[in-house]
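Okay, structure first, notes after.
The figures that follow rest on heavy atoms only: side chains count, while hydrogens, waters and symmetry mates do not. Since this is a predicted model, take the numbers as computed values, not measurements. Residue numbering restarts at 1 for every chain, and letters A, B, ... go by the order of the sequence lines.
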Protein chains: 2
Amino acid sequence: MPTPQGKPARASRAPRTPRDGAGPKRATVQEVAETAGVSTATVSRVLNGNYPVAADTRRRVEQAVRTLGYVVNAQARALAGSRTRTVGIIVEDIVDPFFGFIARGVQRQAAEDGKLCLVCSTYGVAGGELDLIDSLREQRADAVIVVGGGVEDAAYRRKLADRAHALNQDGSWLVLCGRPPLAADVPAGVVDYDNTGGAHAITDYLLGQGHRRILYIGGLDQMSVHRARVAGFRRAYASRGLEVDERLIQPGPFSRRLGYERTAQLLRDGSAGEFTAVFGANDGVAVGAMQALREAGLRIPQDVSVVGYDDIPLAAEVTPALTTVHLPLEQMGREAVRLAVALRGESDGPTDTRHVGTHVVIRESTAPAPVS
Amino acid sequence: MPTPQGKPARASRAPRTPRDGAGPKRATVQEVAETAGVSTATVSRVLNGNYPVAADTRRRVEQAVRTLGYVVNAQARALAGSRTRTVGIIVEDIVDPFFGFIARGVQRQAAEDGKLCLVCSTYGVAGGELDLIDSLREQRADAVIVVGGGVEDAAYRRKLADRAHALNQDGSWLVLCGRPPLAADVPAGVVDYDNTGGAHAITDYLLGQGHRRILYIGGLDQMSVHRARVAGFRRAYASRGLEVDERLIQPGPFSRRLGYERTAQLLRDGSAGEFTAVFGANDGVAVGAMQALREAGLRIPQDVSVVGYDDIPLAAEVTPALTTVHLPLEQMGREAVRLAVALRGESDGPTDTRHVGTHVVIRESTAPAPVS
DNA sequence: TTCTGGCCGGTAATCGCTTACTGATGTGAT
DNA sequence: ATCACATCAGTAAGCGATTACCGGCCAGAA
């Protein structure tokens, strides 16, 4: 049998020469300790300030730190301690302002808490979050924040739940941002906004302006965000005792192009009937729709009103400025970090869900329905 | 004297109980080794695949890894090895698409190289880069990429150079992105684009269209980017033997608001004389100017042509679409990472500077100068 | 058959810091 | 003067990998 099954060879000890000194070198606590004439423990205490050290000793250590230009080695610290002072955030695309603002909130809150951010993007790779979570787990990020995320089936949710358990066992937490909780027994924090409520509010506003036929564009059925928004849209009609014409609900991937093409097409072939308002599932879709309407010679808001969702800067910058549902994105990012910090330590607490408020911002793209 | 100066106490050894086992726990190479019946060295070799291991042994180790759900500890690995497989990037504001695209390039290239990104933003704090570089030095990022950066005086440049030396001594590199080199003796890589050339090209295009009075808006004199662009603007006039009216050069902080307000004001008080074209120092400024022109009843491009710089998505989305100078932002980000990787190891090589190409993108906001 | 290598795999030293214990010192109480 | 306490500082055991060195084994060469 070529399989080596024998007892391990008992090699005799041999003092090894220290790693050759040619490589990069920087001061260590050891050296600081020697320079200051104290022990490494004391240096560490001064550095972390979590243990009483006599003023005089402290001064000497600080002096030594300055002299040697000492900088702590975060890896060594993390290895010895239990935290890395690092939070990971996973988004779809960092260029998208929706994610950008959330990332900004995460960064700012993290900075205030003395942490650094590992920012990852999936760039459209389906299920890319899963691999990224694994990478962040290797890095032992103190928390992993997953923002949004598109299509999700049962298998995917199961895998995500597995990651949540794994992270939790490592002592850190998974925090979902802008998506609903996974399940009661999955240890993950959630920071979400009320999609149904927001969609209901803005739809109700349009209905209040006399609009009855509102074209809803965007969203895929597998996306929970979309399902929730459509639910709000429907509920607004229902609570006024009105019916919605199913032909007016036009799903599709969130994108400016979808808004443009779908609107142009419906205007051309009239297959969804008439409409006096357009509800873009997000601001990008709405802006695309505006362009199609304008090209068709329709005036906004005199002929057709348009509303969006999210309130990214673009909404306020287009002409006419877009009426939309404001989402406190940056605040959500901050909240996610705070939640992760709060959760930390609780080895297996219940899933904690926080909701941030949204509100309708009325700008110039909406007006009372034209008298027909 | 209360100062404790005596010889350190020689405490007797006392075997300490292992850290209490209640905390988070995850498999280690040790456990994998035991499970697979090999040594930790062998496990490490299988994991890193940089040393021959018999196929059978490898299989057993892989099996053990799977069974235990083992995940390597990046901190321990970084401490023992010499790299952290992490790159840091510092931008002004991650929401700004200019920085967003560069960050995207950095992320993608880093991902392809098996690295993770630590993304930091200064959010307007002057000199905030310096502190962030220090943080990234603590983290021992394999490279630190600093993008853009605004106002910079001699003292600031000196501090930045100090950081570059420190990083270099640590064995990693500072890479400047979208800004000129610091000095020949500063060990830092540079990835930049030709601002003077780009400004020259687009100005020349306008001059070729018959425009003679071009309003240049934006940029602060302390910003090297601005100085270079204005230089290109001037050179374009000069190379055609034309003179530029100094009143037409209107500095100010890059912002949409500046474009809007300055244009509106000059239109109102005519203090800079007439002009048939506006050159926004970046796309935001140009879009702001477009708005002011439109509100003043001027048509674009029939009455006034407008051009921008950078070619962020907004440029293609406004109506009329903006003629501008395209910058390969994402590619710059990738290039910065590649440069950092290439530089790594060279303990003190010469400053390496790479330039990425730019080109004028002609859209709908420009037309021949109106016949007066 | 004995020797020389090539393959593989084990041993244990390190990386740089945190922290549980322990000890020395000085102080106020008795 | 003696003893119980605070206070402050030192010792050294990890944390979880990587890797320089060393050595057993076996095949082909001499």
Discussion item. Looking at A:Y51, I'd like to know whether one of its side-chain N or O atoms comes within less than 4.0 Å of OP1 or OP2 on C:dC21.
Written reply: no
Fill in: B:E31 CD - D:dG16 C1' separation (whole Å)
11 Å
Worksheet item: Does A:S44 have a side-chain nitrogen or oxygen under 4.0 Å from the phosphate oxygens OP1 or OP2 of C:dT18?
Response: yes
Worksheet item: What distance do A:L79 atom CG and B:L79 atom CG have between them, rounded to the nearest 0.5 Å?
Response: 6.0 Å
Discussion item. For a quick check, tell me whether the side chain of B:R45 and the base of C:dG10 share a donor-acceptor pair closer than 3.5 Å.
Written reply: yes
Worksheet, complete the sentence: From CZ of B:R140 across to P of D:dA17 the rounded distance in Å is 16 Å
Fill in: A:P52 vs A:A41, nearer the 5' end of DNA chain D by closest nucleotide
A:P52
Item to complete: Give the rounded distance in Å between these two atoms: CD of A:Q75 and C1' of D:dT18.
Response: 14 Å
Worksheet item: Can you tell me how far P of C:dC15 sits from CG of A:L79, to the nearest Å?
Response: 14 Å
Discussion item. Would you say B:T42 places a side-chain N or O within less than 4.0 Å of OP1 or OP2 belonging to C:dG9?
Written reply: no
Practice prompt. With the side chain counted from C-beta on, respond yes when B:R108 and A:Y123 share a heavy-atom pair under 4.5 Å apart, and no when they do not.
Written response: yes
Fill in: d(CG, B:D170; C1', C:dG16) in whole Å
14 Å
Discussion item. Go nucleotide by nucleotide along DNA chain C from the 5' end; which of B:G81 and A:R85 gets its closest nucleotide reached first?
Written reply: B:G81
Worksheet item: Taking only side-chain nitrogens and oxygens of B:S39, does any of them come within less than 4.0 Å of OP1 or OP2 of C:dG10?
Response: yes
Worksheet item: Quick one: A:R60 CZ to D:dC8 P, roughly how many Å, whole number?
Response: 14 Å
Fill in: Between P of D:dA17 and CG of A:N73, the distance in whole Å
16 Å
Response to the item:
Of A:S82 and B:A54, the one whose nearest nucleotide on DNA chain C sits closer to the 5' end is B:A54
Discussion item. Checking B:T67 against B:Q63: is there a side-chain donor and acceptor pair closer than 3.5 Å?
Written reply: yes
Discussion item. Within this structure, what is the CG-CG distance for the pair B:D170 and B:L136, rounded to the nearest 0.5 Å?
Written reply: 11.5 Å
